[in-house]
Amino acid sequence: MKTIDVGIIGTGWCGGIRAGACRASPLVRSLHIAEIDEARLGVVADQTRPTSATTDYRKLLAIPDLRAVLICATPETTHYPMAKESLALGKHVLLEKPIALTLAEADELIALAKSKGVSFTIGYSQRFNPKYAYVKRSIEDGTIGEPVSALVSRHITRGLGNKISGRVKLSPAAMEATHDIDFLLWCLAPRRPVRVYAQEVRKIMKTTHDAADCVFLIVTLDDGVAFTVGAGWVLPPAYPNFSSTWIEVVGTQGAILVDDTHRDVVLNTMQKGIVFPLSTMPGEKVGHVYAGPMEAETHHFLECVASGRKPLVTAEQARVVMQVYQAADLSAAENRPIEIPSGAGG
């Protein structure tokens, strides 16, 4: 595999992780970063020693030999225009979720990537969590028989919830449940979603952000399998640090349960009380190792670009996820089940 020149647009939390992963990869010949926050740009530049660092992402895109771009910018309104410019220039793109704000935007990006013959993948990093991959294998190899039902409960702390809901008007379904919708549709493929029923709760964030605290949704697939996702962002700040997840998948011959609640490592100090290290969804570096899925996802994207392979997460699959969480938003607003168009599929 040939080495490649790579750019990172947005070097916040996730972008910083991806920049570090790119810097450590033998597949990356040169790294270029773009970040509007000059202080943060300087921090990540010191950590990763990029070939270039700029506050203007268009200067990054203008680099002639740049083959791949990882778009990690916020707010989420930047995703569509940045991805469109990158794809139009023939760059391979990894875009953090969501793929776009509307299905029309998603369709335009998908068509543009196809016309340019480049990879276009979305950052659904939980597919790279070994526990989640084990669930998929247990379904595919018949260990638990034919799937009957599935449940994922995911909740994050209100500190992060305030940050997310304060920067863009997207629901818990679009910003949190989206990971689990993607995960379950991936596990249960080629089944496709046909109906969604959802309910929101508004008690804590209603007055501060005009946002829901959590959403619970039921998705019916075309063969009758049903899955439930509950997702929220109002846990108290200390427990756990960022994300607590529980998974149940029941089949005709067995069931698989996954505890991803991050209660296995507990740190208790006089200064901060009890905290739960290693509990972030993207993961974090711990000395010489990385705990979490985002580094593996980043390396996967680089390998796909260098070798010409198809990424694990396709943009078409991300579009179906968008259909489901948009249907969940509509269902919660109108208090009724919402049908998914028959053409939906990944």
Would you say [X]'s side chain and [Y]'s backbone share a donor-acceptor pair under 3.5 angstrom?
{"X": "S331", "Y": "A198", "result": "yes"}
{"X": "R127", "Y": "L312", "result": "yes"}
{"X": "T48", "Y": "V44", "result": "yes"}

Report task. Indicate the atoms forming the closest heavy-atom contact of P293 with N129, along with that distance. Result ->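 Heavy-atom minimum between the residues: CB-N, 3.7 Å.
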Query raised in the report: What heavy-atom pair brings W233 and L170 nearest, and what distance separates the two atoms?
Result: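 The answer is CH2-O, 3.5 Å.
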Requested in this report: Check whether more than 12 heavy atoms from other residues, nucleotides or ligands sit under 6.0 Å from atom NZ of K285, and answer yes or no.
Outcome: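 Yes, the 6.0 Å shell around NZ holds more than 12 heavy atoms from other groups.
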Query raised in the report: More than 12 heavy atoms of other residues, nucleotides or ligands under 6.0 Å from NZ of K131: is that the case?
Result: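 Buried by this count: over 12 neighbours within 6.0 Å.
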So, are [X] and [Y] salt-bridged, with charged N and O less than 4.0 Å apart?
{"X": "R40", "Y": "E38", "value": "no"}
{"X": "R67", "Y": "D5", "value": "no"}
{"X": "E146", "Y": "R191", "value": "yes"}

Under 3.5 Å, is there a donor on one side chain and an acceptor on the other for [X] and [Y]?
{"X": "Q199", "Y": "N335", "result": "yes"}
{"X": "T280", "Y": "E284", "result": "yes"}
{"X": "T54", "Y": "D56", "result": "no"}
{"X": "H32", "Y": "S52", "result": "yes"}

Requested in this report: Evaluate the ring planes of H179 and Y124, with Trp represented by its six-membered ring, and classify them as parallel (under 30°), tilted (30 to 60°) or perpendicular (over 60°).
Outcome: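 Rings of H179 and Y124: perpendicular, as their planes differ by over 60°.
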**Report entry** Verdict with reasoning, S171 to M175, per side-chain contact (heavy atoms from CB on, under 4.5 Å)
**Finding:** CA-CA 6 Å; S171 69; M175 295 300 289; over 6 Å; no
